[in-house]
Amino acid sequence: MRLLFLGDIVGRSGRQAVLEALPGLKRRYALDFVIINGENAAGGFGITESILQQLLDAGADAITLGNHAFDQKEALVFIERQERLIRPLNYPQGTPGRGAAHLKTAGGAEVLVINAMGRVFMPELDCPFRAIDAELTACRLKQGADAIVIDFHAEATSEKQALAYFVDGRASAVVGTHTHAPTADERVLPAGTAFISDVGMCGDYNSVLGMDVEEPINRFVTKIPRARFEPARGPAALSGLAIEIDDKTGLALRCSALRIGPNLEPAEPAFWLA
Ligand SMILES: [Fe+2]
Ligand SMILES: [Fe+2]
């Protein structure tokens, strides 16, 4: 199975880049499944139902979220009817939506997509380790699903690495999101789980985390908020992780960064081009 995970879409320029590139990427790499983090898709904060629909129409199979999941209040309602939209699993019981979803590829394979949030320098949610462990105990690779992908939305690299080794061999991939800066540590762990500490963002990299630089600089310098954070408006680059999953075991065979666009060093999954 060929799976592509794209990092947090930030604002209009991130959306446009994804909508334009995704159909071509699906053809070029013969992708079976595409997961995109959409927590910053609507003006940098949350996601609306019409944006979600555009991403699904462009070929996304699942959209994951994070700490900005419900910044657009309409998401509290429409998430209930959108089975491909997944919010962090470890929100308090009773939170609308789902933290994990079983979805099918065009070829009929089953993919379990899980979204969870870290707790270091983040809101204090339930324990992500225990929440994910319960999901993986209920759904074992090749028994409950052909592939299991976890979007671990967290700030601390240590927490992301600990979670990845905690599930090594039980999930196809753990993809870190939230920091919007791609790390260069993508690899397949010893027991077969693909991992990257942070996959980066789909947004304008000529920015601070996808936001126009002026207000972030102002807040660091003066400590007084002067304006809202606005997504940077320059052309966006896409940043993601390409993962090849063994159909027999559900574990990862290889993974590679995919980076396309301005202000970001390009990277391509060479193993899909041969
Ligand atoms: Fe984000
Ligand atoms: Fe986030």
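Start at 1 and go down the list; that is how both ligands and their atoms are numbered. Please read all numbers here as calculations on a predicted model, not as lab measurements.
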Salt-bridge present (R233, D212; N to O < 4.0 Å): no
Cation-pi geometry met for R170 and F166 (6.0 Å, 45°): yes
Quiz item: cation-pi between R219 and F229, 6.0 Å / 45°: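 Yes, R219 and F229 form such a contact.
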R2 side chain vs Y29 backbone, donor-acceptor pair below 3.5 Å: yes
R87 side-chain N/O to A116 backbone N/O, donor-acceptor pair under 3.5 Å: no
R228 atom CZ, neighbour heavy-atom count above 12 within 6.0 Å: no
Polar protein atoms near the Fe ion (ligand 1) [N, O or S; cut-off under 2.8 Å]: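 Hits for the Fe ion (ligand 1) below 2.8 Å: D8 OD2, E39 OE2, N40 OD1, H180 NE2.
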